[in-house]
Structure formats: structure tokens, C-alpha cells
Amino acid sequence: MVISKEIQEKKEVKMVPRFRFAPSPTGGLHIGTARTALFNWLAARSMNGRLVLRIEDTDTKRSDRKYEDSIIDDLKWLGLGWDEFYRQSERIEIYQKFANKLLNEGKAYLCFCTPERLNDLREKLLSEGKMPGYDNKCRSLSAENVEKNLREGKKFTIRFKVEDGDILFNDLVRGNIKFNSKVIRDFIAIKSDGTPSYNFAVVVDDSEMEITHVLRGEDHITNTAKQILLFKSIGRKPPFFAHISMILEKDGSKLSKRYGATTITQFREMGYLSEAVCNYLSMLSWHPRDCEEIFSIYDAVSKFRIPDISKSPAIFDTDKLNWINGIYIRGKTVDELVDLCTPFLIRGKVIEKSDVGNEEIMLKVKKCADAFKDKIKVLGEFPDYAVDLFRDRINNYSKEADEILRLETSSNVLQFFLKELESTLKSHDNNEGSGIDEEIGRKLIKAAGENLKEYKIKGKFLYMPIRASLTGMTHGPELPKIIAILGLKNCIKRVNQTLKYLENN
Ligand code: GLU
């Protein structure tokens with residue numbers, strides 16, 4: 001049989017897998033929702049499919065444009081693009097058209113029950129230990145009564161008729177799932193203000209947008225049962241469904257605000273890198289078959305398969321995220337790190353916004369980035385590490401530093417070191433001595449060490465007092481790097497400050 005080119009093309013168009021990510025703009029991009037977005041992105045890209053971003057904003061009371069903007073901003077930051085964009089609030093007429101069709105076909109009816117009646121009904125059922133749900137009262141309203149209610153201007157919703165029977169579907173992650181429709185009562189398709197209910201809008205859209213795969217959180221499984229009924233009623237085949245497990249805290253509780261950051265915006269503000277967040281999120285309920293742990297989402301595209309998604313809940317492990325973030329930080333060049341860290345230094349008031357154009361200050365930032373690169377796990381820690389080196393003086397000597405400085409040999413070390421600093425400064429063209437590199441730092445320590453040989457002072461008796469006098473601490477980056485960051489003049493100030501401290505305390 002010869003298939004015409006036209007038919008063949010049409011067939012191919014139909015066969016393109018279509019995924020969608022459908023956030024409700026009622027808050028920022030939650031870590032779990034971001035993982036759903038990422039999985040949809042990975043699935044769509046790995047199957048050469050398309051990804052639809054659909055903003056589900058029909059709940060006008062809870063939705064806000066500022067959250068939509070923030071979700072979009074976070075998706076872009078994560079590097080997750082989409083092929084098509086829709087906003088449900090702009091599609092109200094389409095939902096109404098579908099609902100009217102259901103009404104005409106007798107698959108839905110007008111319900112005039114007031115919120116008060118529905119509330120009383122709910123409370124009554126609960127007090128009797130029964131499952132709350134609608135009692136289908138308006139299903140049997142006569143045409144005359146419907147007319148009368150409409151004439152009286154009574155408010156109404158459009159309710160979908162749930163017929164008895166089993167609802168079966170094969171979840172691509174969880175296997176066969178069965179519901180009995182008895183547990184689902186007639187539910188609202190169009191609310192009294194004319195907007196669609198969540199389930200109705202989703203089905204109309206998934207059908208109109210020719211979505212082939214619905215990949216979302218397992219909290220939607222019961223909605224899936226309702227949605228399958230709706231798909232059937234509008235005469236469309238339901239898409240494939242895949243429900244991903246929840247993300248839990250280590251103690252098994254739901255990931256919640258109680259424990260700190262839950263939105264991508266918060267993780268960004270703490271100084272996580274987008275590559276690290278994506279890498280980590282991709283491993284919540286999925287891992288590549290080769291068990292690699294560090295990979296970009298672009299590498300993951302070729303490895304991602306929906307059936308490999310795990311059924312068990314994912315545990316959010318901040319230590320692992322920090323470890324991964326540290327790896328990505330170390331993978332950055334110093335210049336990239338400077339760009340990434342600068343906003344954190346400004347926010348931490350270590351430098352001013354106007355300092356960004358100051359070559360000397362930015363050189364210092366660069367030296368700091370190089371010195372602390374191996375230590376920082378999140379960029380937000382950087383100001384804490386750097387702040388002391390941006391001050392003129394030492395704020396505080398730690399207990400350990402104080403002990404080192406009080407050793408009999410320490411003042412001697414500092415005197416010699418000071419002499420070296422002063423003579424180097426004299427021979428230096430920049431009178432702040434700020435443009436020095438760590439090589440000069442190394443030479444300075446070596447020269448002080450040479451002079452101290454006759455006193456048999458070496459090793460930690462040499463390095464530790466110098467470190468303590470320059471930083472007030474006994475640990476930190478390599479000494480030559482500290483000297484290069486501080487510059488000669490600031491080193492001199494600090495050693496003098498330390499000598500005074502020893503005299504007076
Ligand atoms: N808008 C829904 C939510 O944010 C998602 C709906 C869906 O994926 O079907 O939870």
C-alpha cells in the first residue's frame with residue numbers, strides 16, 4: 001500500500017510526544033514542582049517531543065501574576081525552556097463551550113445548591129463518619145424547576161455526572177491503578193462564576209493541546225480518576241499518565257516551609273548554582289542507569305526514560321545538594337566565580353554596588369574567590385569567609401589564635417615578619433601594596449623564616465603566629481594567598497594591631 005506523503009506527514013505530526021508542565025501561580029516555584037518541570041523537560045527532549053507550559057490560573061482568588069513571573073523567571077534560571085505557552089484564564093470560553101456540549105448531551109447538569117447547603121451536607125456526612133461528597137440532589141431536578149431557578153436568577157454550577165463503574169489506568173511509573181467511581185461523586189465542571197474547575201480545565205486543555213503524556217506528582221492520582229471519566233465523556237482517549245513520588249524530608253514528613261527553603265527562588269538566594277540544582281533534582285526519584293551522579297541535564301536527556309522513575313518517595317538531602325553544589329562551584333573559573341559571588345558580597349555589605357567598577361577592589365574579590373573556591377558549598381557563604389579580609393583591622397582573636405600569639409617565640413616572629421613587610425612595601429611602586437600576588441607572600445614568609453633560623457623557629461611556630469596576626473584565626477586559606485588579598489599595608493596594620501594587642505592584654 002502506498003501511503004500518500006500528506007497522510008504520512010500527518011501521522012508523523014500526530015506521533016510527536018507532547019508533554020506539559022502546568023503550574024498554578026499561587027506561590028513561587030516549589031522544589032517539587034520544579035522537579036516535575038524538569039522531568040517533563042527531560043522526557044520531552046529525550047523523546048524528541050514538545051513541551052507545553054500552561055499557567056493554571058483560573059482560581060482567581062489565589063492566583064497572582066507576580067507568582068507567574070517568578071515561576072517563569074525560575075524556570076529560565078534552571079535552563080528549562082518550553083515550546084508553547086498558554087494561560088488558562090485566557091481560555092474560559094473554550095471550557096464553557098465544552099461544558100455546554102456535555103449539558104446538551106445529558107452528561108452534565110445545572111446544580112443550584114448553595115454553598116451553605118453544600119457545607120451543611122459536608123458536615124452532616126462527616127459527623128456520621130461518612131466520606132464527604134455531593135448527594136446528586138440536582139441531578140433529578142425537573143426541566144420546569146431548572147427553568148424556574150434560572151428565571152429567578154439563582155446562581156448555578158455545571159456538575160459532571162459520574163456514572164458507576166471501575167476506572168482503570170496503567171500508570172507508566174506505578175503500573176495498573178484501579179478506582180471505583182462510587183468514591184467519586186458528581187463534581188463541578190464550571191463554577192458559579194463561569195470559571196472551570198481544575199479537573200475540567202485540565203482535561204479540556206490536555207485534549208485540545210493534544211497532550212500525549214501527563215507526568216506529575218502523585219498527589220494528583222485521585223484527580224486522574226476524575227479526569228479519565230471526563231476524557232471519555234468528551235470522546236477523547238486519555239493520555240498516558242505517570243505519577244512521580246513526593247519529595248520528603250529525612251524524617252519522612254512532607255517537604256515544608258518549616259525546614260527552610262522550599263522554592264527555587266530561595267535556593268537561588270542562598271547561592272546554589274542552577275546546574276547543581278538541576279543535577280540534584282533530576283536524581284530525586286530517578287538516576288541514570290550508569291549510576292553517574294554528576295551530569296548536566298543535557299547529558300541526562302539521552303539517558304532519561306520514564307519507566308526508570310522510581311516509585312518510592314524521594315528524600316531531600318541538603319548535604320548531598322551541598323556536596324553537588326560544591327563540585328559545580330569548583331568547576332567554575334575564578335572569573336565566573338567573581339561574577340556569581342559579587343551580588344552576594346553586595347548583599348552581605350562586604351562591598352558596595354559602586355565597587356564593581358573599582359579595579360583594585362575587584363582584584364581583591366578575585367583573589368578571595370580563588371582562595372575560598374574549595375571551601376564554599378553555597379555562594380551565600382562567600383561573604384562570611386571574605387568579610388574579615390575586606391576590613392582594615394582584625395575584629396576578634398579566636399581563643400586558639402590568642403594561645404598561639406602568646407607563645408614565647410611569637411612576638412619575635414611578628415617583629416621579623418613586620419620588618420620584611422615594611423622593606424617590601426618600600427620597594428613596591430603601589431604604596432598601598434595591594435597589587436601583590438601570592439608569590440610575594442611566599443617570599444615574605446620565607447625571608448622571615450631565614451632570619452629566624454638562628455632562633456630555631458620554624459614550621460608551625462613560624463606560620464601560625466603570622467596567620468593569627470593577619471586573620472585573628474588559626475585556619476583559613478593558604479598564608480601567601482591571605483597576604484596577597486590583604487596587601488602589604490593592611491598586613492602591616494594588622495601585625496602592628498596584634499603586637500599592641502599582645503602588649504595590652
Ligand atoms: N496546576 C496543577 C498544580 O500546580 C498541576 C496540574 C497537573 O499537572 O495536572 O498542582
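Counting starts at 1 for both ligands and their atoms, in listed order.
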Between [Y] and [X], is there a cation-pi geometry (under 6.0 Å to ring centre, at most 45° from the normal)?
X: Arg35; Y: Phe39; result: yes
X: Lys375; Y: Tyr385; result: no
X: Lys320; Y: Tyr280; result: no

Under 4.0 Å to a heavy atom of [X] - the qualifying atoms of ligand 1, by number:
X: Glu56; value: 1 (N), 2 (C), 5 (C), 6 (C)
X: Ser24; value: 1 (N), 2 (C), 3 (C), 4 (O)
X: Arg216; value: 7 (C), 8 (O), 9 (O)

Within-cut-off N or O pair, Gln227 and ligand 1, under 3.5 Å = no
Polar-atom distance check: Ala22 versus ligand 1, any N or O pair below 3.5 Å?
-> yes
What residue and heavy atom of the protein are closest to [atom], and at what distance?
atom: atom 8 (O) of ligand 1; answer: Arg20 NH1, 2.8 Å
atom: atom 6 (C) of ligand 1; answer: Tyr198 OH, 3.2 Å
atom: atom 10 (O) of ligand 1; answer: His220 NE2, 3.0 Å

Polar side-chain atom of Asp186 near backbone of Lys161 as donor-acceptor pair, under 3.5 Å | no
Counting heavy atoms not belonging to Glu93, are there more than 12 under 6.0 Å from its CD?
-> no
Assess the pair Phe21 and Trp41: is the distance between their ring centroids shorter than 6.0 Å?
-> no
